[in-house]
Amino acid sequence: MELTTVGAKSFIAIILGMTLSFVIPIVVALIWKIKKKERTSTILVGAATFLLFALILDQSQNLWDRPHALKLRCHSLWRGMPASLSTHKA
């Protein structure tokens with residue numbers, strides 16, 4: 001396996017993407033707060049709810065992919081379902 005470095009343009013794009021992903025939601029939240037006269041706690045509860053459900057959905061995908069990671073019994077139906085769906089011929 002050959003190790004390569006990240007190019008300067010890729011690095012700049014990564015930094016720009018990270019910056020925008022933080023700045024845009026904050027700016028939208030500030031505009032919403034000023035325009036709609038919302039409390040800051042309302043915005044923070046909404047953001048926390050979004051993050052909580054994003055984490056739950058991410059972990060549910062991990063559970064589907066690797067049930068043995070949580071020491072769950074691996075039933076044939078559990079593991080065979082994705083394979084049967086992908087290999088089904090009409």
Side-chain angles (χ1 to χ4, degrees):
M1 181 168 88
E2 183 179 328
L3 297 176
T4 59
T5 59
V6 177
K9 290 181 182 178
S10 296
F11 192 70
I12 291 171
I14 291 168
I15 297 296
L16 181 63
M18 286 175 39
T19 304
L20 290 176
S21 68
F22 281 104
V23 170
I24 290 174
I26 291 171
V27 169
V28 169
L30 288 174
I31 291 171
W32 184 281
K33 179 178 174 35
I34 293 169
K35 190 173 183 179
K36 300 288 184 179
K37 307 275 192 254
E38 288 289 334
R39 295 183 314 205
T40 306
S41 62
T42 305
I43 295 169
L44 293 177
V45 167
T49 303
F50 172 78
L51 289 174
L52 176 68
F53 280 103
L55 290 172
I56 289 171
L57 288 173
D58 182 50
Q59 291 305 313
S60 68
Q61 180 64 35
N62 290 338
L63 177 63
W64 179 264
D65 287 341
R66 294 171 299 214
H68 60 279
L70 295 176
K71 295 182 176 52
L72 297 176
R73 288 186 51 187
C74 188
H75 297 288
S76 59
L77 177 64
W78 179 266
R79 296 305 290 168
M81 196 178 334
S84 66
L85 292 175
S86 64
T87 59
H88 179 68
K89 295 181 181 175

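Starting from 1, each residue takes its place in the sequence as its number.
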For [X], which residues count as a side chain to side chain contact (heavy atoms under 4.5 Å, CB included) partner, sequence neighbours excluded?
X: Leu51; value: none
X: Thr4; value: Glu2
X: Leu20; value: Leu16, Ile24
X: Ile15; value: Phe11, Thr19

Cluster partners of [X], using ILVMFWY side-chain heavy atoms under 4.5 angstrom, listed by chain and number?
X: Phe22; result: none
X: Leu55; result: none
X: Val27; result: Val23, Ile31

- Query: When rounded to the nearest 0.5 angstrom, what distance separates CD1 in Ile43 from CG in Leu30?
  - Reply: 7.5 Å
- Which side chain to side chain donor-acceptor pair (under 3.5 Å) pairs, counting each pair once, include a residue from residues 36-52, with sequence neighbours left out? Lys33-Thr40
